[in-house]
Each structure stands twice: as C-alpha cells, then as structure tokens.
**Q** 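What follows is a structure written as structure tokens; I'll ask about it next.
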Amino acid sequence: MEERNPKEGSSLPTITLGVLVIVVVALLYIGYAYFMDEDAVTLTPQKVETAAFTDASSENVASDVPTPPAVQPEAIDATPTMGPASTTDTATETKKAVAKTEKKEEKKEEKKAEKSTEAVVARGGAISYKVNGGQTFYSIATKYGISESRLKAANPDVDPTKLQAGKNLKIPVYATHTVGKGDILRVVAQKYGVTVDALMKANGKTKNYVEKGEKLIIPYPKK
C-alpha cells in the first residue's frame, strides 16, 4: 500500500482559504462600487426635481401677483381761468385806475381855477343881508363866520332882541369872489381856508354847484 506525503495534504486548505479571501474582497469591492453608483443615480434626479419645483413655484407666485394697471397721464388744460380772486383783483385795479384819473382831473381843475381866480377877488367889505323869519343875530353871525358882537357893531341901530323878518343887515365878510372859468366850490373854499359846507351856507346853496360870473360871499375862516 502506497503512503501519502503529509506535506501535500496540508497545503490544500491554505490555498482554498486564500481563494475565498480574494473572492470576498472582490465581492465587497463590487458591492461598494455598485452602491456608490446607485446613490449617484438616485441623488441626481432629486436635485433636478427640486430645481424644477423651485422654478415652477416662482412662476406660480409671479402669475398670482396682479399686474398694476398702467396710469394714463391726464391732459392739463393750459387755458387760464378767471376765478373769484382774479375778478376781485381786476375790479380793484380798475377802481385804482379810475381814482388816479379823477385825481389828475381834479388837479387840472384846481390849476385852471387858480389861474381864473387871481383877478376876481375883493377882500373885506360888507354885504346887505335880508333877515329871514326865525333868525337871530347869533345864527346870522355864525353863518358868516363872525362873532355876534362884530355883527352888532356893524348894525348899531338894530336891536338884537327886536329883530324882525325882512330887516336888512350889514354883514362883514372876509371876501367876495366872482366865479371864473373852471371854478368849483372845493377849489374856492381851499383858496380862502374855509370848508365847502361853510361856503355853501354863506351863499344859501343846497347843491355843490356854481356858475361862471356868480359872486360868492366868503365867510371868515374859523380860527
């Protein structure tokens, strides 16, 4: 009977173990590679889907926001309008213009009156006055701007307590003025330093009017 070498039988398990180790390592490597490839393939679509979802959400939000309507510029009317303030201003300016014109005319009349009154003035003297019913020495003296005592002195033969209507009295006057061309009462009154009212009373006038050639009695100015 043939005998086996014990060294040949002991080498077989070692070779088998080495092959198994190599196979296991190979399988582990293949499995790891396959696992990594699967993860890469799985992650890529998720990223794409996330990006697509984000874009879609942005589009939906943008479409949900209402677009403001376009504002059309309003046409501006350049035609000037006359409001109450403008009308008032125009009326005021018109009044001022009329007032200036009137002042100019008055100054012209005054200058004409001054020229026309130089040679028609008679200073001092007295006039004859016919007493009206109800008048007294005092009222007559006041009318001509003189004192009652001066009126009595000009009429020594008349009893003031027995003054009757129709009696003629001598009235001392400041001056007599013959109305010339362009004369008006206001200008004549200013010339002698009296008021228009006093001039009208002294001459028995009810209207502010004189005629050329008319003689005006000038009362004494009040001191």
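Note that the coordinates shown come from a computational prediction; the quantities given were computed from them, not determined experimentally.
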**Q** Taking Glu211's backbone N and O only, do any of them form a donor-acceptor pair with Glu214's side chain (distance below 3.5 Å, no angle check)?
**A**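 Yes: the side chain of Glu214 pairs with the backbone of Glu211.
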**Q** Are more than 12 heavy atoms from other residues, nucleotides or ligands located less than 6.0 Å from atom NZ of Lys143?
**A** yes
**Q** Decide whether a cation-pi geometry holds between Arg150 and Tyr220; the criteria are a distance under 6.0 Å from NZ or CZ to the six-membered ring centre and an angle within 45° of the ring axis.
**A**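 Yes, Arg150 lies over the aromatic ring of Tyr220.
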**Q** Can you check side-chain hydrogen bond (donor to acceptor under 3.5 Å, both in side chains) on Thr161 and Asp159, steps first, answer last?
**A** CA-CA 5 Å; Thr161 60; Asp159 186 356; 2.9 Å; yes
**Q** Show, in sequence, the C-alpha distance, side-chain angles and deciding distance for Asp197 and Lys205, and conclude whether the side-chain contact (heavy atoms from CB on, under 4.5 Å) test is met.
**A** CA-CA 9 Å; Asp197 185 59; Lys205 288 184 173 293; over 6 Å; no
**Q** Do side-chain atoms of Asn203 reach the backbone of Ile217 as a donor and acceptor pair under 3.5 angstrom?
**A** yes
**Q** Under 3.5 Å, side chain of Asn168 to main-chain N/O of Ser128, donor-acceptor pair present?
**A** no
**Q** So, for Tyr129 and Tyr144, is the gap between ring centers shorter than 6.0 Å?
**A**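 Between Tyr144 and Tyr129, which both carry aromatic rings, the centre distance is below 6.0 Å.
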**Q** In Å and rounded to the nearest 0.5 Å, what is the NE2 to CG distance from His177 to Asp183?
**A** 4.0 Å
**Q** With the side chain counted from C-beta on, respond yes when Phe137 and Val158 share a heavy-atom pair under 4.5 Å apart, and no when they do not.
**A** yes
**Q** Ignoring hydrogens and angles, tell me if any N or O in the side chain of Lys95 forms a donor-acceptor pair with the backbone of Ala99 under 3.5 Å.
**A**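 Checking the backbone N and O of Ala99 against the side chain of Lys95, no donor-acceptor pair under 3.5 Å is found.
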**Q** Ignoring hydrogens, what is the shortest heavy-atom contact between Ile184 and Val210? Give both atom names and the distance.
**A** CA-CG2, 4.2 Å
